[in-house]
Amino acid sequence: MLSEQEIQRREALNRLRQLGYEPYPASEFSVTHTAEEILNGFETNPDAFQSVRLAGRIMSKRIMGKAAFSDLKDHTGRVQLYFNRDEICAGEDKTAYNEVYKKLTDIGDFLGVQGEVFKTRMGEISVLVKEFVFLSKSLRPLPVVKTDADGKVYDAFTDPEQRYRQRYVDLIVNPEVKNTFVTRSQIINSMRSVFNEKGYLEVETPILQPIPGGAAARPFITHHNALDIPLYLRIANELYLKRLIVGGFDGVYEFAKDFRNEGMDRTHNPEFTVMEIYVAYKDYRWMMGFTEQLLETVVKDVNKGETKVTVGDQVIDFKAPFKRVTMTDAIKEHTGIDITGMNEEQLRKACQSLGIETDETMGKAKLIDEIFGEKCEKNYIQPTFITDYPKEMSPLCKRHRDNPDLTERFELMVNGKELANAYSELNDPIDQRERFEEQLALSEKGDDEAMFIDHDFLRALEYGMPPAAGLGIGIDRLTMFLTNNSSIQEVLFFPQMRPEKKPVLPTVDDYLALGISEAWAEHVMKVYPTPKAMLELKPTQVHQTLNGFRKKQKLDLPALQLEDVSSWF
RNA sequence: GACUCGAUAGCUCAGCUGGUAGAGCAUAACACUUUUAAUGUUAGGGUCCUGGGUUCGAGCCCCAGUCGAGUCACCA
């Protein structure tokens, strides 16, 4: 069902064609200026704007008799158009103004205009339109958001569901939304140029993987028909990037979409973007320095040279160097408990004393992780490196040079959340095999996120991988920080949503499908709004009701026979 | 998964004890030659998310469901 406004727009479309205006022309419309160029350049050099051509979407109309104003929005901003009847219609025929502009042009239509820039009595730089053409007619009304002189916004399009489901509408009417995505793109560009300057190589690795490795998470499963094998959407790309280090690259990085089949909320989307980088002959200490420099550079690039960023009610300073705290010290500081040397049983007790729920499937690593996640994580607002994680939590990470129970790992915590994760990569193939086997044991214990054993990865390590440092940064989270958004949905163009369910209204075809004649179908539909409503009744009753309807409405149709009606059931 | 809140016109939202469904913007018509949330007059526009129940009568009350938001849990 079309709404009244949609019908009117379709009628306007037909009328335009009647008048010889093509609403969807094929040819290019060449543009000489953007809205931004006009607004910025006119004051200093008015002569350069005697004749301009620009294109964009009509966002408002204000008509006053023979004169009218519209806002035209292009990719750079909005500029006001001034339509004057006698400027547009040189001769006697005033159709172009009176009908085409005033009646047939709607908010949302794309127009191309040619005209002259001037300043109105109110002092607004505007384009006096001499000619205009349709570039694309809009058939659905846009939400109209208005802003008054004080910057107060009226009738904002704010419903998150509609904004995410119809991001295109969100982008049209909520200009600040665009900035978030521009920043996101700048973040990635800035990182990429840091890496490229160092000579590291941007690479691509498989998204469809026979063994989903490199992280602890549940994967999505799919199936390859020709090979008749299951394939998994990657949960990480770590093992592939390390194979490339084995292959002899000095530094490789990838901006990777990963997929995890887990819950969704305002910080988790089933697909998300991670930047991972691996650099040969480095360790995690070098990587800490590299990470803080990288982030300081990125933040300055997108934040006008400033290192301070406002996130909610916090101000976070990304100026290097960042604080460094070992995980053991962090737990000691926030719980008073020293977990050094504790076994699984002792850790379980420690959890109980802290009021943390545990279960039998949890190994040492999970228990420690629980304590940290529950009691410590939220305290690190300013960028802080948490270092030296227990071995069991980090099956791909090299043992700590000073303590074999720990690993050379750090996570960067910002605003109480993990932003980055890095290791001195484990390159001892025998140790790596043992770690995988421990994971297998965990998996048998019921941990459905424990890692699979990737034999090809082990084979690669057996050929020899140089020592290397690896780093992963959550691009979505970083973007959330740098655009001051508290939900991941705001930094993804198209966040995952439950499918839209359209109420399925019965059509005439549904009635025809039952074998009802074409002549009768539309009338049956009036009596029984759904086929189901009819089929629940007895054929005899339906037969009588319909013939009664025929008589009452004086339908020029032969009366129904009971056999006809029965055949529908 | 638990709890709380929400779903009414194209958009943002009202809706009295349960008694003919409202406003602003948008739309249509008329007026108006520099407006800017343009203005003035008039008009049209609704399966009140879905399905049941209570009732003479449900947008409102009750039950179930769908979708969304928030909080928590889960999830590196």
Side-chain angles (χ1 to χ4, degrees), chain A residues 1-9 11-12 59-71 78 80-87 97 102-103 106-108 118-124 126 128 138-166 169 173 215-218 235-236 258 260-270 274 357 359 365-366 368-370 372-374 377 386 389 393-394 409 411 413 417-421 448-449 472 474 477 486-487 489 497-505 529-530:
Chain A
M1 277 296 281
L2 295 176
S3 70
E4 187 191 28
Q5 292 190 48
E6 289 172 291
I7 293 164
Q8 281 161 356
R9 287 183 180 220
E11 284 167 357
M59 298 303 289
S60 68
K61 278 171 88 182
R62 296 181 289 281
I63 295 170
M64 286 139 291
K66 292 171 204 152
F69 293 90
S70 278
D71 288 339
R78 289 185 183 208
Q80 180 167 267
L81 303 180
Y82 173 56
F83 289 84
N84 180 292
R85 190 187 68 185
D86 300 320
E87 292 284 347
Y97 180 77
K102 272 171 73 173
K103 293 186 199 288
D106 290 302
I107 290 172
F118 75 111
K119 213 166 184 182
T120 65
R121 276 181 212 161
M122 301 300 289
E124 180 160 347
S126 307
L128 170 62
S138 165
L139 295 182
R140 270 178 198 267
L142 281 173
V144 177
V145 180
K146 293 195 169 183
T147 310
D148 69 12
D150 305 327
K152 201 172 166 207
V153 178
Y154 297 83
D155 301 322
F157 180 66
T158 53
D159 179 25
E161 176 172 3
Q162 288 197 72
R163 289 183 46 236
Y164 302 153
R165 286 196 194 278
Q166 294 180 261
V169 175
V173 304
R218 285 196 287 272
I235 55 175
D258 288 342
R260 296 188 183 174
N261 203 343
E262 287 161 359
M264 289 161 56
D265 59 33
R266 67 180 202 293
T267 58
H268 295 85
N269 193 66
V274 177
E357 281 182 41
D359 67 60
K366 274 238 162 177
I368 295 171
D369 193 30
E370 281 296 311
F372 182 78
E374 203 59 35
E377 198 173 63
I386 304 295
Y389 283 60
M393 279 177 72
S394 316
R409 172 180 183 179
E411 284 193 358
M413 310 303 301
K417 304 245 164 56
E418 174 196 344
L419 178 61
N421 184 14
D448 57 358
E449 291 181 347
R477 279 197 186 164
S486 59
S487 86
Q489 285 79 14
M497 303 282 281
R498 219 175 278 273
E500 252 180 299
K501 252 202 220 156
K502 273 199 215 144
V504 188
L505 290 173
T530 67

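By convention in this document, chain letters (A, B, ...) are assigned in the order of the sequence lines, proteins followed by strands, and residues within each chain are numbered from 1.
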**Asked** Just wondering, do A:Glu411 and A:Tyr389 contact through their side chains at under 4.5 Å, heavy atoms?
**Response** yes

**Asked** Okay, side chain of A:Arg409, backbone of A:Asn421: is any donor-acceptor separation there less than 3.5 Å?
**Response** no

**Prompt:** When you measure from the side chain of A:Ser126 to the backbone N and O of A:Lys119, does any donor-acceptor pair fall under 3.5 Å?
**Reply:** no

**Message:** What's the closest nucleotide to the side chain of A:Tyr164 if the choices are B:rG10, B:rA69, B:rA38?
**Reply:** B:rA69

**Message:** If I pick the C1' atom on B:rU17 and the same atom on B:rG57, what distance separates them, to the nearest angstrom?
**Reply:** 14 Å

**Request:** May I ask you to say what A:Asp159 touches in the nucleic acid, namely base, sugar-phosphate or nothing, with a heavy-atom cut-off under 4.0 Å?
**Result:** sugar-phosphate

**Asked** Base, sugar-phosphate, or nothing: which does A:Arg140 touch, judged by heavy atoms less than 4.0 Å apart?
**Response** nothing

**Request:** Take atom NZ of A:Lys66 and atom P of B:rU35, then tell me their distance rounded to the nearest Å.
**Result:** 16 Å

**Prompt:** Of the nucleotides B:rC75, B:rA28, B:rU36, which has the atom closest to the A:His268 side chain?
**Reply:** B:rC75

**Side-chain-base donor-acceptor pair under 3.5 Å for A:Gln80 and B:rU35** = yes

**Under 3.5 Å donor-acceptor pair, A:Arg409 side-chain atoms to B:rA76 base atoms** = yes

**Request:** Verify, without hydrogens or angle tests, whether A:Lys146 (side chain) and A:Asp155 (backbone) share a donor-acceptor contact under 3.5 angstrom.
**Result:** no

**Message:** Distance check, P atoms only: B:rA21 and B:rG59, in whole angstrom units.
**Reply:** 9 Å

**Whole-Å C1' distance, B:rC75 and B:rA64** = 30 Å

**Item:** Sugar-phosphate, base or nothing in reach of A:Leu142, heavy atoms under 4.0 Å
**Value:** nothing

**Asked** Is there a side-chain polar atom (N or O) of A:Gln162 under 4.0 Å from OP1 or OP2 of B:rG68?
**Response** no

**Item:** A:Arg121 side chain near B:rU36 phosphate (N/O to OP1/OP2, under 4.0 Å)
**Value:** no

**Prompt:** Should A:Val169 and A:Arg140 count as side-chain neighbours, where that means a heavy-atom distance under 4.5 Å?
**Reply:** no

**Prompt:** Is the distance from OP1 or OP2 of B:rA38 to the nearest side-chain N or O of A:Arg62 less than 4.0 Å?
**Reply:** yes

**Asked** Is the distance from OP1 or OP2 of B:rA29 to the nearest side-chain N or O of A:Lys103 less than 4.0 Å?
**Response** yes

**Asked** Side chain of A:Phe157: nearest nucleotide among B:rU35, B:rC11, B:rA28?
**Response** B:rC11

**Request:** Sticking with atom C1', work out how far B:rU36 lies from B:rC25, rounded to a whole angstrom.
**Result:** 15 Å

**Message:** By the 4.0 Å heavy-atom rule, please label A:Phe118 as base, sugar-phosphate, or nothing.
**Reply:** base

**Request:** Take A:Ala216 and A:Gln489, find for each the nucleotide of RNA chain B with the closest heavy atom, and name the residue whose nucleotide sits nearer the 5' end.
**Result:** A:Gln489

**Complete:** Per atom distances to the A:Gln5 side chain, the nearest of B:rA26, B:rU33, B:rA69 is B:rA26

**Request:** Show your reasoning for whether side chain to side chain contact (heavy atoms under 4.5 Å, CB included) applies to A:Gln489 and A:Arg163.
**Result:** CA-CA 10 Å; A:Gln489 285 79 14; A:Arg163 289 183 46 236; over 6 Å; no

**Asked** Would one find a side-chain N or O of A:Lys61 under 4.0 angstrom from OP1 or OP2 of B:rA26?
**Response** no

**Minimum-distance nucleotide to A:Pro141 side chain [options: B:rA38, B:rC25, B:rG10]** = B:rG10

**Asked** Based on Watson-Crick and G-U pairs with both distances under 3.5 Å, what dot-bracket line describes RNA chain B 5' to 3', crossing pairs as [ ] and inter-strand pairs as |?
**Response** (((((((..((((.....[..)))).(((((.......))))).....(((((..]....))))))))))))....

**Prompt:** With no angle test and no hydrogens, is the base of B:rA28 tied to the side chain of A:Gln8 by a donor-acceptor pair under 3.5 Å?
**Reply:** no

**Prompt:** Out of B:rU35, B:rC25, B:rA76, which has the shortest distance to the side chain of A:Asp369?
**Reply:** B:rA76

**Request:** Would you indicate which nucleotide in B:rU71, B:rU35, B:rG44 comes nearest to any side-chain atom of A:Glu4?
**Result:** B:rG44

**Request:** Specify the separation, in whole Å, of atom CG of A:Asp71 and atom P of B:rA37.
**Result:** 11 Å

**Request:** Taking only the side-chain heavy atoms of A:Val144 (C-beta and beyond), determine which of B:rC74, B:rA26, B:rC75 contains the nearest atom.
**Result:** B:rA26

**Side chain of A:Thr158 - closest among B:rA26, B:rA76, B:rU12** = B:rU12

**A:Leu139 CG - B:rU27 P separation (whole Å)** = 15 Å

**Message:** Are A:Asp258 and A:Ile235 packed together at the side-chain level, in the sense that at least one heavy-atom pair is separated by less than 4.5 angstrom?
**Reply:** no

**Asked** With a non-hydrogen cut-off below 4.0 angstrom, is A:Lys146 in contact with a base, only sugar-phosphate, or nothing?
**Response** sugar-phosphate

**Prompt:** Under the criteria of a ring-centre distance below 5.5 Å and an interplanar angle below 30°, is A:Tyr154 stacked with the base of B:rA37?
**Reply:** yes

**Item:** First of A:Phe69 and A:Ser60 reached from the 5' end of RNA chain B, by closest nucleotide
**Value:** A:Phe69

**Message:** Using the P atom as the point on both nucleotides, what is the distance between B:rG45 and B:rA23, in whole Å?
**Reply:** 13 Å

**Complete:** Atom CD of A:Glu262 and atom C1' of B:rG1 are separated, to the nearest Å, by 15 Å

**Item:** Between B:rC75 (P) and A:Asn269 (CG): distance, integer Å
**Value:** 19 Å

**Message:** If I take atom CG in residue A:Asp86 and atom P in nucleotide B:rU34, what distance separates them, rounded to the nearest angstrom?
**Reply:** 13 Å

**Prompt:** In whole Å, what separates the C1' atom of B:rG10 from that of B:rA2?
**Reply:** 37 Å

**Item:** Check: A:Pro141 and A:Arg9 side chains under 4.5 Å, non-hydrogen atoms
**Value:** yes

**Asked** Any side-chain N or O of A:Arg165 under 4.0 Å from OP1/OP2 of B:rG68?
**Response** yes

**Item:** Side-chain heavy atoms of A:Asp159 within contact of A:Gln166, under 4.5 Å
**Value:** no

**Pairwise P distance for B:rA9 and B:rC60, with rounding to whole Å** = 15 Å

**Asked** Do A:Gln80 and A:Arg62 come close enough that some side-chain heavy atom pair is under 4.5 Å?
**Response** yes

**Prompt:** How far does the C1' atom of B:rU54 sit from the matching atom of B:rA43, given to the nearest Å?
**Reply:** 40 Å

**Complete:** Taken to the nearest whole Å, CD/A:Glu6 to C1'/B:rU27 is 12 Å

**Request:** Grab the CD1-P distance between A:Ile63 and B:rU35 for me, whole Å please.
**Result:** 16 Å

**Asked** So, does A:Tyr154 use its side chain to make a donor-acceptor pair with the main chain of A:Val144 at under 3.5 Å?
**Response** no

